[in-house]
Number of protein chains: 2
Amino acid sequence: MRKNAEINATPVCQVRMQAISDAMSLLSGKWKFHILGTLIEGNTLGFMDLLREIDGIGTKMLSKELQDLEMNNLVSRTVMNTKPITVEYSITEYGKTLSSLIDELANWGIEYRKSVYEKGNN
Amino acid sequence: MRKNAEINATPVCQVRMQAISDAMSLLSGKWKFHILGTLIEGNTLGFMDLLREIDGIGTKMLSKELQDLEMNNLVSRTVMNTKPITVEYSITEYGKTLSSLIDELANWGIEYRKSVYEKGNN
DNA sequence: CAGGATCCTTTACGATACTG
DNA sequence: CAGTATCGTAAAGGATCCTG
């Protein structure tokens, strides 16, 4: 007699669930979207630029998250030939495939904030 | 000489960053997207249905996350008049505004998985 | 400058058992 | 059935200091 539960327990759903888990395993954490979003806008930024633009992040988190993102080919890292050395980070082509997702997330957040203000935050 | 860093440190970016933080404060955690995605597909499901469909989740996390989502008006909770009592969860109209975001996340995850297989997982 | 090392706190998550 | 309570672990995150 249950209709939805049974019908929807199809492989399609399993695949979607798995896909969500996969995506989240790369994108979870407090800073990943901020870093990616900043690099998508800024195109190429130094470590210090990122540190300044991403409010609240510290060096440890920034370097750790950048390593994660680089490992997954979402950002690229280039050591410049300066003294002292400088590093430039950019979004990769693959990373750019997240642009619309990040846009949607940001836009949803903007609408959410509006709705909270309208209702006087309850 | 730095071009992007300075130019992009506009209020627009601040707003986007804030928006991303806002959205994530509602959607972060291991299970929120799974729950929302399942409810968007299933429309209305009981607690046990969700427990069965969301692989790996336990009663504690499920009830806690459902409470969070309900507080933020993303899902609705209805106690049915049965014995023993039954509860039905649905996505709200507001929750449905996340449909495309979740779709994108899932689709991105599917493509990601494909790309990993193609490259033989390194 | 870019980050690694260390230490510490906090939150997230999970297993199990229990209750109206 | 739909949770709550309790307990325990693991992971995430942050502050500070240090180094090539």
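Owing to the predicted nature of the structure, the values given are computational and were not obtained by experimental measurement. Within every chain, numbering begins at 1; the chains are lettered A, B, ... in the order of the sequence lines, protein sequences first and strands thereafter.
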Once you round to the nearest 0.5 Å, how far does OH of B:Y94 lie from OG of A:S115?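 Reported value, rounded in 0.5 Å steps: 4.0 Å.
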From [atom1] of [X] over to [atom2] of [N], roughly how many Å is that when rounded to an integer?
X: B:L62; N: C:dA12; atom1: CG; atom2: C1'; value: 16 Å
X: A:K32; N: D:dA12; atom1: NZ; atom2: P; value: 8 Å
X: B:W31; N: C:dA12; atom1: CH2; atom2: C1'; value: 12 Å
X: A:I85; N: C:dG4; atom1: CD1; atom2: P; value: 10 Å
X: A:I57; N: C:dA2; atom1: CD1; atom2: P; value: 14 Å
X: B:E70; N: D:dA2; atom1: CD; atom2: C1'; value: 13 Å
X: A:H34; N: D:dA12; atom1: NE2; atom2: P; value: 17 Å
X: B:M61; N: D:dA10; atom1: CE; atom2: P; value: 16 Å

Looking only at non-hydrogen atoms, find the nearest pair between A:I57 and A:L51 and report the distance.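 Looking at all heavy atoms of both residues, the shortest contact is O-CD1, 3.8 Å.
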Side-chain touch B:T78/B:T44, heavy atoms, less than 4.5 angstrom: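 A side-chain contact under 4.5 Å is absent here.
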Readout for nucleotides 5-11 of chain C: B = base within 4.0 Å of protein heavy atom, S = sugar-phosphate only, - = neither; 5' to 3' it is -B-----
Using the rule given for side chain to side chain contact (heavy atoms under 4.5 Å, CB included), can you reason through A:T86 versus A:N81, listing the C-alpha separation, both sets of side-chain angles and the distance that settles it, and then say yes or no? CA-CA 7 Å; A:T86 287; A:N81 207 357; over 6 Å; no
Would you mind telling me which of D:dG13, D:dA2, C:dG4 lies closest to the side-chain atoms of B:V87?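 Side chain of B:V87 sits closest to D:dA2.
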Taking only the side-chain heavy atoms of B:E65 (C-beta and beyond), determine which of C:dC13, D:dG3, D:dG14 contains the nearest atom.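 Among C:dC13, D:dG3, D:dG14, the one nearest the side chain of B:E65 is C:dC13.
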B:E111: partners by side chain to side chain donor-acceptor pair (under 3.5 Å), with sequence neighbours left out: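 With sequence neighbours excluded, B:E111 shows a side chain to side chain donor-acceptor pair (under 3.5 Å) to B:K114, given in chain and number order.
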Among all residues two or more places apart in sequence or in another chain, which pass the side chain to side chain donor-acceptor pair (under 3.5 Å) test with B:Q18?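 Scan of B:Q18 (side chain to side chain donor-acceptor pair (under 3.5 Å), adjacent residues dropped) gives A:R113.
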Does [X] make a side-chain N or O approach to OP1 or OP2 of [N] shorter than 4.0 Å?
X: A:Q67; N: C:dG4; answer: yes
X: A:Y89; N: C:dG3; answer: yes
X: A:K30; N: D:dG14; answer: yes

Are the side chain of A:D49 and the backbone of A:G46 linked by a donor-acceptor contact shorter than 3.5 Å?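 It does hold such a pair.
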Backbone N or O of B:H34 within a donor-acceptor pair of the B:T38 side chain at under 3.5 Å?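 Checked: pair present.
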Are B:I91 and B:M80 connected in a single hydrophobic cluster, I mean Ile/Leu/Val/Met/Phe/Trp/Tyr linked by side-chain heavy atoms less than 4.5 Å apart?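 Different clusters.
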Neighbours of DNA chain D within residues 76-84 of chain B, by heavy-atom distance under 4.0 Å: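 Here the set is B:R77, B:P84.
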Using heavy-atom distances to pick each residue's nearest nucleotide on DNA chain D, tell me which of B:F47 and A:G58 is more 5'.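 Final value for this comparison: B:F47.
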End-to-end bend of the helix from C:dC1-D:dG20 to C:dG20-D:dC1 (five-pair axes, 10° rounding)?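 Inter-axis angle at the ends, rounded: 50°.
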Exercise: do B:S76 and B:T92 side chains pair donor with acceptor under 3.5 Å: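 No, no side-chain donor-acceptor contact under 3.5 Å.
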Which part of the nucleic acid, if any, lies within contact of B:M48, taking any heavy atom under 4.0 Å across all strands shown: a base, the sugar-phosphate backbone alone, or nothing?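 Here B:M48 touches the backbone only, sparing every base.
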CG (A:N107) with more than 12 external heavy atoms under 6.0 Å: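 Result for CG/A:N107: enclosed.
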Under the ring pair (Phe, Tyr, Trp, His ring centres under 6.0 Å) test, which residues partner A:Y112, sequence neighbours left out?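 Listed in chain order: A:W108.
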